[in-house]
Amino acid sequence: MTANASERLLQHYVDNFRRLPWRSAPGTPPPPAYRVWLSEIMLQQTTVAAVTPRFERFVTRWPTVEALAEAKDEDVLSEWAGLGYYARARNLIACARKVARRGGFPETAADLRSLPGIGDYTSAAIAAIAFGEDAAAVDTNVERVVARLHAIDRPTRAQIEQLVRDMLRSGRAGDLAQALMDLGATICRPKNPLCASCPIAADCAAFASGIPERFPLPKPKRVRPLRHGVAYWIEQRDCVWLVRRPAKGLLGGMAALPGSEWQDGPLPVRPAVRHIFTHFALELGIERRSSAIGDGWWQPLDTLEDAGLPTLYRKAVAAFLTDRSSRRRAA
DNA sequence: TAGTCGTGGGA
DNA sequence: TTCCCAAGACT
């Protein structure tokens with residue numbers, strides 16, 4: 001790699017700057033740490049397209065970390081509903097309260113790293129982007145870009161971090177992190193990389209090899225088992241009975257329809273919904289019940305969209321209501 | 001360390 | 001349809 005690959009990458013970033021709600025233009029003051037933090041948490045394993053409207057809603061409703069720290073758990077979880085990986089929302093609340101209590105965000109990656117929901121990548125990203133620390137923020141984009149740059153088929157995280165540190169230009173770690181991520185998202189893509197448009201193709205060992213896509217090697221995939229469950233539809237006076245799931249685990253803390261435990265074997269009910277989670281698929285049947293089960297609340301049917309249901313249960317509600325209305329038309 | 005933890009869009 | 005995978009963290 002030539003010494004000025006970093007310069008060309010940074011220049012490409014400046015020339016092709018993508019304006020996003022949580023970004024500041026290169027050469028202007030950095031965004032507040034609150035906005036950087038919130039966006040980085042939302043963007044974990046989540047696309048820019050999915051995050052953008054949610055980010056706007058969050059910062060409108062809670063403009064500061066102090067405001068977020070004072071919010072009710074249910075309100076934050078409800079705003080997060082549909083975004084997935086709900087442990088992020090639970091950690092978001094815990095983190096906001098810690099930060100508010102200590103009077104603001106810590107300004108180093110090492111101190112940020114000790115906050116809930118902030119790991120190696122996010123701590124480095126916030127430190128670099130919001131506070132200008134020369135920290136190496138390595139996500140999957142950066143790992144792929146750097147692995148290709150050096151034609152490493154099985155990179156370790158420590159190896160990539162060192163190579164990124166070698167690319168750092170003092171005071172521009174934030175730009176470098178975002179430049180690497182943008183390059184990974186738009187040009188150095190997992191499949192069909194656009195090497196002809198790449199500002200550092202001349203430095204790239206994978207490009208020179210003629211098979212850039214081969215770096216890094218793909219992760220082995222695991223089988224996704226099928227599980228089964230039943231959700232209960234309990235309706236009285238134009239309200240439906242909802243419950244809150246246990247605080248930890250899958251969909252932890254989220255609003256839900258009550259229901260059976262989910263099991264491996266099939267159930268004697270027709271599945272109404274098929275939903276894909278990260279490591280298993282679920283077929284969910286819907287069964288009417290007459291009396292409330294467990295702790296919960298009566299949610300008016302006409303406000304069900306605002307109940308903060310995660311996607312599985314939104315799909316179940318939609319399936320039930322569609323099915324009922326079509327049966328009523330037939331009757 | 002490998003499993004857990006969502007969702008939606010594109011190929 | 002099926003598969004991949006997107007600014008990871010936690011245990």
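Every chain is numbered from 1 and lettered A, B, ... according to where its sequence line falls, protein lines coming before strand lines.
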Requested in this report: Could you measure between the two C1' atoms, the one in dC4(C) and the one in dG6(B), and give it in whole Å?
Outcome: 15 Å

Report summary line: With the side chain defined as heavy atoms from C-beta on, R144(A) is closest, among dT7(B), dC5(B), dA6(C), to dA6(C)

Report task. Please work out if I276(A) contacts a base, only the sugar-phosphate, or nothing of the nucleic acid, heavy-atom cut-off 4.0 Å. Result -> base

Query raised in the report: Can you find a donor-acceptor N/O pair under 3.5 angstrom joining the side chain of T122(A) to the base of dG8(C)?
Result: no

Query - Lys/Arg N to Asp/Glu carboxylate O, D203(A) vs R8(A), below 4.0 Å - result: yes

Query raised in the report: Which part of the nucleic acid, if any, lies within reach of G82(A) when heavy atoms closer than 4.0 Å are counted: base, sugar-phosphate only, or nothing?
Result: sugar-phosphate

Requested in this report: Indicate, with a heavy-atom threshold strictly under 4.0 Å, whether L20(A) touches base, sugar-phosphate, or nothing.
Outcome: base

Query raised in the report: Can a side chain N or O of Q45(A) be found less than 4.0 Å away from OP1 or OP2 on dG8(C)?
Result: yes

Requested in this report: Using a 4.0 Å heavy-atom cut-off across all strands, classify L83(A) as base, sugar-phosphate, or nothing.
Outcome: base

Query raised in the report: Can you check the L43(A) CG to dA7(C) P distance for me, whole Å?
Result: 9 Å

Report task. Go through the steps to decide whether W233(A) and E235(A) satisfy the test side-chain contact (heavy atoms from CB on, under 4.5 Å), and finish with yes or no. Result -> CA-CA 6 Å; W233(A) 186 271; E235(A) 183 176 336; 2.7 Å; yes

Query raised in the report: If you find the nucleotide of DNA chain B closest to R222(A) and the one closest to T311(A), which residue's nucleotide is nearer the 5' end?
Result: R222(A)

Requested in this report: Tell me which of K248(A) and G184(A) sits closer to the 5' end of DNA chain C, going by the nucleotide each one is nearest to.
Outcome: G184(A)

Query - Interatomic distance, M181(A) CE vs dA7(C) P [rounded to whole Å] - result: 8 Å

Report task. Let me know the distance between NZ of K221(A) and P of dA2(B), rounded to the nearest Å. Result -> 19 Å

Report task. Check every strand shown and say whether W22(A) touches a base, only sugar-phosphate, or nothing at a heavy-atom separation below 4.0 Å. Result -> base

Query - Nucleotide nearest P190(A) when distance is taken to its side chain, options dA6(C), dG6(B), dA7(C) - result: dA6(C)

Report summary line: Between CZ of R227(A) and P of dG6(B) the distance, given in whole Å, is 13 Å

Query - Exam field: side chain N4(A) to backbone E7(A), donor-acceptor pair closer than 3.5 Å - result: no

**Report entry** DNA chain C: 5'-proximal contact among R18(A) and K191(A) (nearest heavy atom)
**Finding:** K191(A)

Query - Candidate nucleotides dG6(B), dA6(C), dT7(B), ranked by approach to the side chain of H275(A) - the nearest - result: dT7(B)

Report task. Nearest whole angstrom, please: distance from the P of dG6(B) to the CG of L309(A). Result -> 15 Å

Query raised in the report: Taking OP1 and OP2 of dT7(B), is either one under 4.0 Å from a side-chain nitrogen or oxygen of Y86(A)?
Result: yes

Query raised in the report: Can you tell me how far C1' in dG3(B) sits from the matching atom in dA7(C), rounded to whole Å?
Result: 22 Å

Query raised in the report: Rounded to whole angstrom units, what separation is found between the NZ atom of K315(A) and the P atom of dG6(B)?
Result: 14 Å

Query raised in the report: I129(A) and D175(A): side-chain contact (heavy atoms from CB on, under 4.5 Å), yes or no, with the steps?
Result: CA-CA 7 Å; I129(A) 295 169; D175(A) 286 344; over 6 Å; no

Requested in this report: Give one of base, sugar-phosphate or nothing for D120(A), where a contact means two heavy atoms less than 4.0 Å apart.
Outcome: sugar-phosphate

Query raised in the report: Separation of F280(A) atom CZ from dC5(B) atom P, in whole Å?
Result: 7 Å

Query raised in the report: Just checking, R224(A) and F280(A): is the charged tip under 6.0 Å from the six-membered ring centre and within 45° of the axis?
Result: no

Report summary line: R54(A) CZ to dT7(B) P, in whole Å, measures 10 Å

Query - dG3(B) phosphate, OP1 or OP2, under 4.0 Å from H279(A) side-chain N/O - result: no

Query raised in the report: Should E79(A) and R61(A) count as an ion pair when the cut-off is N to O under 4.0 Å?
Result: yes

**Report entry** R157(A)/E143(A) ion pair, N-O < 4.0 Å
**Finding:** yes

Report task. Measure distances between side-chain N and O atoms of T140(A) and base N and O atoms of dG8(C), and say whether any donor-acceptor pair falls under 3.5 Å. Result -> no

Query raised in the report: From dG8(C), dC5(B), dC4(C), pick the nucleotide closest to the side chain of Y121(A)?
Result: dG8(C)

Query raised in the report: Base, sugar-phosphate, or nothing: which does P218(A) touch, judged by heavy atoms less than 4.0 Å apart?
Result: nothing

